[in-house]
Amino acid sequence: MSITARTTRRTAGSAAVAAASFLLLAGAGILAAPSAFAGVPGGTSAADRNSDFNGDGYTDLLTGVPEGTVDGKEGAGYVTVQYGAPNGIGTRTTVPKGRVQVISQSTKGVPGTSEAWDDFGEAVATGDLDGDGYDDAVVGAPGEDEGSVADAGRVTVLYGSKAGLGAERTASVTAAKPAAGARFGLAVAAARFSGDTDADQLVVVDQKVGLRVFTYHAGVLRPVGAPHSTGHRLQPAYVTTGDYDRDGFADLVVSGYSPEDDYTKGWSAYYSGGAEGLTYRRDLHGGLGSASGDINGDGYDDLVLGQLSAADYATGDADAPGGLVGVYYGGQHGPGSASQWWSQNSPGVPGTAEQGDAWGADLSVADVNGDGYADLAVGAPGEDVGSVADAGAVWLLRGSRTGLTGTGAQSFDQNTRGIPGTAEADDAWGAQVRLADTDGDGRAELLAAAPGENAGDGAVWLLPASGRGLLADGSWSYGAAALGAPAHAARFGAVIDE
């Protein structure tokens, strides 16, 4: 791989190691508006992650730009918000224009001050923490110094309202005892993990303690119980949530790699939610990328994990040099102990597995064609397009009654007819992928990011959804400048909320 990045890069709340985490370890007509449901307080299943900050029934998009320059401070970081609407998300320059926001620690009312390499936005997540019916934005800044304690880390919460996100109500969360290099907030998630509240709870991961759970009470986010270790000496990176055992409480999976192993061998720690809170259950193979959703429509969320090496797994592809994706189907006892592994060499999957593809470096699960089964988007930012190295590509694998299938699988790159732009070396297209229904039509569009686009300015593409799957025709792209944000060397798209 020819792309490199700072070794402190992020996770998504996504969703989530940074958009290029694999590199660090090596990164239309107008429809009637849906009934406004103002979020899902106390969400448990993966489908509850609707990211609706203003409660209008449309999914909003939260993007972190941790390498963005703010007030001349390189790497201070910012986040952007694009509000869903009948025509989906837009920018300040699209027709029709979309409602957007740019928020940093220089925004009036936001706690803290923009400083070089705070990495504000290195991790992002959404959830209704105060139970008011509006989703809130959670922003990790693991590079934040607390006093003289370097890289102690901080998490900022921007509360939602009928008007959307604002700085009128915010919260700032730090470790009880900030520690140098802990990078508190390197991964964040929100869901209802216990019976302590009917709202969502906040999970914050760092490199020292592991993970902590916070519950909103009397206007304050308070820590609940003792910290949880991540087991297997896990270097955490990604987090994902879902109700894998269908008990009405959200479960949590923390993923990354073990320093004891080759970095290409990801590991994940599975915690089941319950009336008394999160309980560690077991470790799972895989974890350099993670996502959750109900792929086979049985009511149990399924867990999908990325892996850069086949290791000793019974994958049906002993080499799998380009990377692997493992599906752990949910059931009464949570994610199954045996995974179904996929690669570019699997039947029906377009392409051929090649060394350094990083197939599965980022993942997203949602229903693209509206058939009731969640589909899987797979990013391969290291994919060569022809002779163009590390241009990147994305895939869509379909869900079905029998689970994930290669039947009807699709793949796209910047040279695909109808996709704007041209495949260029080190674009890393697919470093982040997100399936999101921002226009409320019951089908999730694809957001695919190329943080290396335009010499590192970065850009995001939107591919429309249809009953046949994703469409190249009608796709469009945008960068930070189209949202009114600083664009130079921002690697825009490196972090997108799950």
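Just so you know, these numbers come straight off a predicted model, no measurement behind them.
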Taking side chain as C-beta onward, heavy atoms only, is L61 less than 4.5 Å from I496?
yes

Run D357 and Q344 through side-chain hydrogen bond (donor to acceptor under 3.5 Å, both in side chains) and show every step you take.
CA-CA 10 Å; D357 285 345; Q344 285 189 66; 2.9 Å; yes

Taking S475 for its side chain and L462 for its backbone only, find out whether a donor-acceptor pair lies under 3.5 Å.
no

What one should report as the nearest heavy-atom pair of G266 and L288 is CA-CG, 3.9 Å

Would you please say whether a donor-acceptor pair under 3.5 Å links the side chains of T438 and E445?
yes

Is there a side-chain contact between W267 and L284 in this structure, where contact means two heavy atoms from C-beta onward sitting under 4.5 Å apart?
no

Over all heavy atoms of both residues, which pair between V155 and G185 is shortest? Give the atoms and the distance, please.
CG2-CA, 3.6 Å

Answer yes or no on whether R282 is positioned over the face of Y270, meaning its NZ or CZ is under 6.0 Å from the six-membered ring centre and within 45° of the axis.
no

Do V203 and V188 touch side chain to side chain, with heavy atoms closer than 4.5 Å?
no

Working for side-chain hydrogen bond (donor to acceptor under 3.5 Å, both in side chains), residues Q101 and Y83
CA-CA 9 Å; Q101 287 179 285; Y83 288 88; 2.4 Å; yes

Can D52 and Y58 be said to form a side chain to side chain contact (heavy atoms under 4.5 Å, CB included), step by step?
CA-CA 6 Å; D52 186 1; Y58 294 100; 5.7 Å; no

Using salt bridge (Lys or Arg N to Asp or Glu O under 4.0 Å) as the criterion, list what pairs up with R443, not counting sequence neighbours.
D441

Just by distance, no angles: are the side chains of Q201 and T215 close enough, under 3.5 Å, to form a donor-acceptor pair?
yes

Scanning both residues in full, the closest heavy-atom pair of P451 with A494 reads CG-CA, 4.0 Å

Close side-chain approach of T407 and R398, heavy atoms under 4.5 Å
no

Restricting to non-hydrogen atoms, name the atom on N296 and the atom on Y329 that form the minimum distance, rounded to 0.1 Å.
ND2-CD2, 3.8 Å

Can you check side chain to side chain contact (heavy atoms under 4.5 Å, CB included) on V378 and W359, steps first, answer last?
CA-CA 7 Å; V378 181; W359 197 77; 3.7 Å; yes

Side chains of R434 and S364: do they bring a donor and an acceptor to under 3.5 Å?
no

Compute whether any side-chain donor of one residue and acceptor of the other, for Q82 and D60, lie under 3.5 angstrom apart.
no

Can you spot which of L158, D128, L62 makes a side chain to side chain contact (heavy atoms under 4.5 Å, CB included) with F53?
L62

List the steps and the verdict of side-chain hydrogen bond (donor to acceptor under 3.5 Å, both in side chains) for R192 and T44.
CA-CA 6 Å; R192 183 173 179 256; T44 59; over 6 Å; no

L483 side, atom CG; T94 side, atom OG1 - distance, nearest 0.5 Å:
9.0 Å

Under a plain distance cut-off of 3.5 Å, with no hydrogens placed, do S45 and D301 share a side-chain donor-acceptor pair?
no

Would you say V100 and T80 make side-chain contact, with heavy atoms under 4.5 Å?
no

F412 versus R417: any side-chain heavy-atom pair under 4.5 Å?
no

V205 side chain reached by V239 side chain, heavy atoms, under 4.5 Å
yes

For L471 and S466, work out which heavy atoms get closest and say how close.
CD2-OG, 3.6 Å

So among D302, V433, V304, V368, which one has a side chain to side chain contact (heavy atoms under 4.5 Å, CB included) with L376?
V304

Under 3.5 Å, is there a donor-acceptor pair between the S51 and D497 side chains?
yes

Does the side chain of D427 pick up a donor-acceptor pair with the side chain of Q414 at under 3.5 Å?
yes

Do the rings of Y271 and Y280 sit parallel, tilted or perpendicular, given the 30° and 60° boundaries?
perpendicular

For Y238 and E498, does a side-chain donor sit closer than 3.5 Å to a side-chain acceptor?
no

Below 4.5 Å, heavy atoms only, C-beta onward: do V124 and V138 meet side chain to side chain?
no

Donor-acceptor pair, distance only, cut-off 3.5 Å: does the side chain of W476 make one with the backbone of P420?
no

With a 3.5 Å cut-off and no angle check, do the side chains of D247 and Y244 form a donor-acceptor pair?
no

Exercise: identify the closest heavy-atom pair between F193 and D251:
CE2-O, 3.9 Å

Testing the 3.5 Å rule here: is there a donor-acceptor pair between the side chains of S194 and E276?
no

Give, for atom OG1 of T59 and atom CG of D135, the distance between the pair rounded to the nearest 0.5 Å.
9.0 Å

Nearest 0.5 angstrom please: E383 CD to E354 CD, how far?
6.0 Å

Testing the 3.5 Å rule here: is there a donor-acceptor pair between the side chains of T240 and S290?
no

